[in-house]
Structure formats: structure tokens, C-alpha cells
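Whatever order the structure lists them in is the order used to number ligands and atoms, beginning at 1.
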Amino acid sequence: MPDGCSLPDRDANGAVAQLGERIVRNDEVRGSIPLSSTIRVRNLVVTEPVFPRFSAQRTLSGPDETSRLGARLAAILRAGDCLCLSGDLGAGKSVLARGLIQALSGEADIPSPTFTLVQTYHFGPGHPDCGKEIWHVDLYRLDSGAPAQWEELGLAEAFGTALVIVEWPERLGSLRPAGSGDIHLTFGVREETRIAQIQTSGEMAVRWTDFFC
Ligand SMILES: Nc1ncnc2c1ncn2[C@@H]1O[C@H](COP(=O)(O)OP(=O)(O)O)[C@@H](O)[C@H]1O
Ligand SMILES: [Mg+2]
């Protein structure tokens, strides 16, 4: 008897399938993310992968909480990842980046890269990526889509080898890597409140779901 014969004739809501109707069943689930689903159309049964996505929202009631969110992210980021931090001036991108870099590198002094465009650090002792580079990039002063400036920065080479943390990622244009982790910060009702919209997809979504959920 083929596997599909054991599939129920009801969907997840208990509705009875009509002849020829599709039944979709999430087979493999990690956290709340389905990794594959089985589709049955009459006697034809197909299992196909589902592209994982993750999104969450956090309210951060002061700079310390934003910094702490950055420090917590140290547990789920590694060399080869790209973390995009977007939001208006003063939204808290650098505060979050500083918390993350301090946790990963052990460095106390994390200057803003607003004028230098890039500051580099290294993963510290005890981390599996010890010695590999961490790039903190602020593209606020960079002209959008100016290829010569990208080449000068060496950003294309850093993607895939270093952990790259990018402020103003909108200016990356076509250089923005697929499957990056995205955090968008906005101002809350109170002066010291920020809202973080956290999103990612693909392999990183699985990692982040395990962590946040
Ligand atoms: N919840 C918060 N999270 C982060 N920063 C906050 C928060 N509340 C107030 N602030 C203040 O807002 C400013 C954020 O600055 P910064 O991180 O440099 O912004 P950005 O890099 O987004 O331009 C800091 O002066 C910080 O003290
Ligand atoms: Mg900044």
C-alpha cells in the first residue's frame, strides 16, 4: 500500500475532501515552521519542501533592552551571516549592533562606523567562529548603487565569510544577500520605546525559530 493511502480524507480543519480535492498536510515541522508538506490529489501523493519564514515583533522599552536583544542574537549568528538593521536615524540600530558585537568579540569599545563606513572585529575565544571577522557597516553616507564604492569597501568579499552587520541596508541594492536576518526598528509611543520587527527566511528562519519560540 503506498504511503499516501494512510493520509486522512480530511484536511487540518476536519473538512471532508471531495473527489480530486487537494489535501495538504504539514509533515515535517521545526518549532512552528513547516519544512515539508504532503499534498494528496486523489491517488497521487507528493511531498515537497516548504520555504521556511520567520517573523516576530519585540517591544524594547529602553536602550538597555535594545542592547540586550543584540547580545542575545550572538547565540544565533555566525560567520557568513548578514544582519540588516533598518530604521530612521536614532531608531537604535547602532545600540543593537553594539550589544551584539560586544557579546561576540568581547571588545568594550565599539565606535559608530558612520564616518569610517566599516569597523571590523573578530569573534572572540570560546566562539566556534573564533578569529573570523565581524564587519559593522553603516551605509548612511554611501551613494546608493555606486559600484566603485562597494569595491573599495570589499563588502562583496566579506559576505559569505564574515558576519556582516549592515545599517541602512536599503543602500545595498542588488548586493543585499538572500536569506539575511532583518530587523526593522521604529519609534514607539514613549520616548524610550522602540519596536523591533524581526524577519528572516530559509535556513536562518529555522535557526531563529528554535531560538525565539
Ligand atoms: N529603546 C531604545 N533602543 C535604542 N536606543 C534608544 C532607545 N530609547 C532611547 N534610545 C536612544 O536613541 C539613540 C539611538 O541611537 P543609535 O543607536 O545611534 O541610532 P541609529 O543607529 O539607529 O541611528 C541613542 O541615543 C539611545 O540612547
Ligand atoms: Mg547608527
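- Hydrophobic clustering, with ILVMFWY side chains joined whenever heavy atoms are under 4.5 angstrom apart, groups Leu69 together with Ile134.
- For the pair Thr120 (side chain) and Trp135 (backbone), a donor-acceptor distance under 3.5 Å is absent.
- At a 4.0 Å heavy-atom cut-off, ligand 1 touches Val95 through backbone and side chain alike.
- Of all non-hydrogen atoms in Arg141 and Leu117, the two that sit nearest each other are CB-CD2, 4.3 Å.
- Each of Ile195 and Trp208 belongs to its own hydrophobic cluster when Ile, Leu, Val, Met, Phe, Trp and Tyr are linked at side-chain heavy-atom distances under 4.5 angstrom.
- Of the listed options Ser94, Gly70, Ser67, Ser94 places a heavy atom closest to atom 21 (O) of ligand 1.
- Side-chain atoms of His122 and Glu107 include no donor-acceptor pair closer than 3.5 Å.
- Residue Lys93 has at least one nitrogen or oxygen atom sitting less than 3.5 Å from a nitrogen or oxygen atom of ligand 1, judged on distance alone.
- Considering backbone and side-chain atoms together, Glu192 places an N or O closer than 3.5 Å to an N or O of ligand 1.
- Taking distance alone, with nitrogen or oxygen atoms compared against 3.5 Å, Gly92 approaches ligand 1 more closely than that limit.
- Linking ILVMFWY residues whenever their side-chain heavy atoms come closer than 4.5 Å, directly or via other members, leaves Val95 and Ile165 in distinct clusters.
- Shown in contact with Leu89 at under 4.0 Å from a heavy atom are these atoms of ligand 1, numbered in order with element: 23 (O).
- Of the possible polar contacts, one joining the Asp81 side chain to the Arg78 backbone as a donor-acceptor pair under 3.5 Å is found.
- Within the 3.5 Å criterion, the main-chain N or O of Leu60 finds no donor-acceptor partner in the side chain of Arg194.
- In summary, the atoms of ligand 1 found under 4.0 Å from a heavy atom of Thr66, numbered by their order in the structure, are 1 (N), 2 (C), 3 (N), 4 (C).
- In this structure a side-chain-to-backbone donor-acceptor pair under 3.5 Å is missing from Arg98 to Ser67.
- Using a 4.0 Å cut-off between heavy atoms, Leu185 makes no contact with ligand 1 at all.
- Residue, atom and distance of the protein heavy atom nearest to atom 11 (C) of ligand 1 are Arg194 NH2, 3.7 Å.
- Between atom 26 (C) of ligand 1 and the options Pro63, Gly87, Ser61, the minimum heavy-atom separation is to Pro63.
- A side-chain N or O of Ser94 and one of Glu167 form a donor-acceptor pair less than 3.5 Å apart.
- Set against the non-hydrogen atoms of Asp88, the atoms of ligand 1 under 4.0 Å away are 22 (O).
- At a 4.0 Å heavy-atom cut-off, ligand 1 touches Glu167 through the side chain alone.
- In the vicinity of Leu60, heavy-atom distances shorter than 4.0 Å reach the ligand 1 atoms 1 (N).
- Under a 4.0 Å heavy-atom criterion, Leu96 is not in contact with ligand 1.
- Counting non-hydrogen atoms of neighbouring residues, nucleotides and ligands closer than 6.0 angstrom, the CZ atom of Phe211 exceeds 12 such neighbours.
- Here Tyr140 does not reach the Mg ion (ligand 2): none of its N/O/S atoms is less than 2.8 Å from the metal.
- Taking backbone and side-chain atoms together, Glu167 has an N/O/S atom less than 2.8 Å away from the Mg ion (ligand 2).
- Summary of contacts: the protein heavy atom closest to atom 13 (C) of ligand 1 is Gly90 O, 3.8 Å.
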